[in-house]
2 protein chains.
Amino acid sequence: MTAIEILKQLKDKGVRFTPQRQAILEFLLGTDTHPTAEEIYHHVKAKFPGVSLGTIYNTLNMLKEHGHILELSYGDMSSRFDGNPSNHYHVACTECGKIVDFHRPLLELEREVGSHTGFQVHGHRLEFYGVCPQCAARDIKKMN
Amino acid sequence: MTAIEILKQLKDKGVRFTPQRQAILEFLLGTDTHPTAEEIYHHVKAKFPGVSLGTIYNTLNMLKEHGHILELSYGDMSSRFDGNPSNHYHVACTECGKIVDFHRPLLELEREVGSHTGFQVHGHRLEFYGVCPQCAARDIKKMN
DNA sequence: GTCCTTGCAAAACGTTTGCAGTTCA
DNA sequence: TGAACTGCAAACGTTTTGCAAGGAC
């Protein structure tokens with residue numbers, strides 16, 4: 001689904017179509033780099049110099065609530081956003097914060113978790129932590 | 001392992017034994033509620049009225065670095081800490097933030113992920129999201 | 001015309017840091 | 001004794017909020 005299609009669909013829910021929102025969503029849909037709010041801000045600013053970080057966060061939260069994007073948050077780094085909330089998991093570098101996708105059929109554990117805990121389970125998150133090839137190479141160089 | 005045993009073991013690494021650290025670690029080991037730093041702070045304050053939040057964070061970060069506790073972080077909520085970093089996963093309530101344990105053998109996907117992405121994978125995290133029985137009951141009551 | 005959204009600034013939040021004084025080994 | 005730790009307060013970075021002006025429908 002394109003950014004315009006998603007935003008038109010959101011109109012029924014009282015969400016207005018604005019060029020800033022279009023730019024934010026188009027950027028998110030067109031990249032697989034899992035950008036931070038700050039990175040989205042800088043990118044959108046190129047097209048809309050007056051845009052503010054507040055608007056970025058407003059839009060991201062709105063899109064997140066409607067299930068069109070995913071927020072990936074870690075303890076000491078800022079959140080990253082993923083415009084493709086579909087069948088994949090994440091591998092995060094604990095040194096530079098980069099996140100890459102790992103495609104794999106989604107785990108079918110949710111029903112089992114629900115029956116064991118009494119929760120109404122409506123999602124899960126699976127992430128792997130490690131050191132990316134670039135950071136590993138940099139670390140080796142530092143040692144010499 | 002008890003709090004005292006863990007702290008004695010850390011002495012070899014130059015970590016000093018202090019009563020504040022003992023209180024923090026004993027509380028974490030003795031609960032399965034996955035408290036926030038703030039909750040730990042209030043609890044330890046009952047025994048050590050002069051303790052500061054900074055000390056709580058200092059100790060938690062030290063214990064985390066040595067692998068004795070786990071930090072569980074989410075987008076819009078503060079981190080929660082888990083004193084039992086062993087074979088289990090988590091189920092988090094998206095309404096009240098409560099986290100309960102789900103015991104299950106750890107997934108054996110890390111090697112596969114490493115060979116697909118080039119990362120040196122050294123850990124993973126699997127969490128389920130849903131509504132806990134208490135929040136579900138409250139929601140139903142609200143509707144009537 | 002209505003009311004949602006924007007941009008800006010200030011505030012809030014959880015967490016970290018700097019420092020002077022204290023405590024552990 | 002000396003390095004590590006504490007408590008306090010100030011600072012930090014990310015995210016949210018309040019509000020007047022602007023724009024979508």
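Predicted, not measured: the structure shown is a model, and the values here were computed from it. By convention in this document, chain letters (A, B, ...) are assigned in the order of the sequence lines, proteins followed by strands, and residues within each chain are numbered from 1.
Considering only side-chain N and O atoms, A:Ser78 lies under 4.0 angstrom from the phosphate OP1 or OP2 of D:dT14. Distances shown here put a side-chain N or O of B:Asn61 below 4.0 Å from the OP1 or OP2 atom of C:dT16. One finds a side-chain N or O of A:Thr18 lying less than 4.0 angstrom from the OP1 or OP2 phosphate oxygen of C:dT6. For the OP1/OP2 pair of D:dT14 and a distance below 4.0 Å, the side-chain nitrogens and oxygens of A:Thr36 include no atom meeting the criterion.
The closest side-chain heavy-atom distance from A:Lys64 to A:Asn61 is below 4.5 Å. Side chains of A:Gln134 and A:Lys98 form a contact here, defined as non-hydrogen atoms less than 4.5 Å apart. When side chains are defined from C-beta on, A:His103 does not count as touching B:His116, because their heavy atoms never get closer than 4.5 Å.
Side-chain polar atoms of A:Thr55 and A:Gln20 form no donor-acceptor pair below 3.5 angstrom.
With rounding to whole Å, B:Lys13 atom NZ is found 17 Å from D:dA4 atom C1'. Between the CG atom of A:Leu7 and the C1' atom of D:dA24 there is a distance of 13 Å, given to the nearest Å. Nucleotide C:dT5 holds its P atom 13 Å from the CZ atom of A:Phe17, rounded to whole Å. To the nearest angstrom, P of D:dC25 lies 12 Å from CG of A:Asp12. Atom CG in B:Leu72 sits about 16 Å away from atom C1' in C:dT15, given to the nearest Å. When the P atom of D:dC25 is taken as reference, atom CZ of A:Arg21 falls 10 Å away, rounded to whole Å. Going from atom CD of A:Gln22 over to atom P of D:dG23 covers 17 Å, rounded to whole Å. Rounded to whole Å, the distance from NZ on A:Lys11 to C1' on C:dC3 is 16 Å.
Place B:Arg16 and B:Ala37 on DNA chain C by their nearest nucleotides, and B:Ala37 ends up nearer the 5' end. Nearest-nucleotide assignment on DNA chain C puts the 5′-proximal partner with A:Phe48, out of A:Phe48 and B:Phe81.
For B:His34 and B:His90, the gap between ring centers is short of 6.0 Å. Checked against a 6.0 Å centroid threshold, the rings of A:His88 and A:Phe102 do not count as neighbours.
B:Thr117 places a side-chain N or O within donor-acceptor distance of the main-chain N or O of B:Val113, the cut-off being under 3.5 Å. For the pair A:Glu39 (side chain) and A:Thr36 (backbone), a donor-acceptor distance under 3.5 Å is present.
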Each nucleotide N or O in nucleotides 8-10 of chain C that has a protein N or O under 3.5 Å away: list the pair and distance.
{"from": "C:dC8", "atom 1": "OP2", "to": "A:Gly50", "atom 2": "O", "distance (Å)": "3.1"}

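Side chain of B:Leu53, nearest nucleotide from D:dA24, C:dT15, C:dC24: C:dT15. Distance from the side chain of A:Gln20 is smallest for C:dT6 among the nucleotides C:dT6, D:dC5, C:dC4. Taking only side-chain atoms of B:Tyr57, from C-beta outward, the nucleotide of C:dT17, D:dT15, C:dT15 with the closest atom is C:dT15. In this structure, the nucleotide among C:dT6, D:dC25, C:dT15 sitting nearest to the side chain of A:Asn58 is C:dT6.
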- Task: Take A:Ile40 and A:Ile24, measure what side-chain contact (heavy atoms from CB on, under 4.5 Å) needs, and give me the verdict at the end.
- Result: CA-CA 7 Å; A:Ile40 298 169; A:Ile24 292 167; 4.0 Å; yes

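Relative orientation of the B:His124 and B:Tyr89 rings is tilted, given thresholds of 30° and 60° on the angle between their planes.
For the helix from C:dG1-D:dC25 to C:dA25-D:dT1, the rotation axes defined at the first and last 5 base pairs enclose an angle of 40°, given to the nearest 10°.
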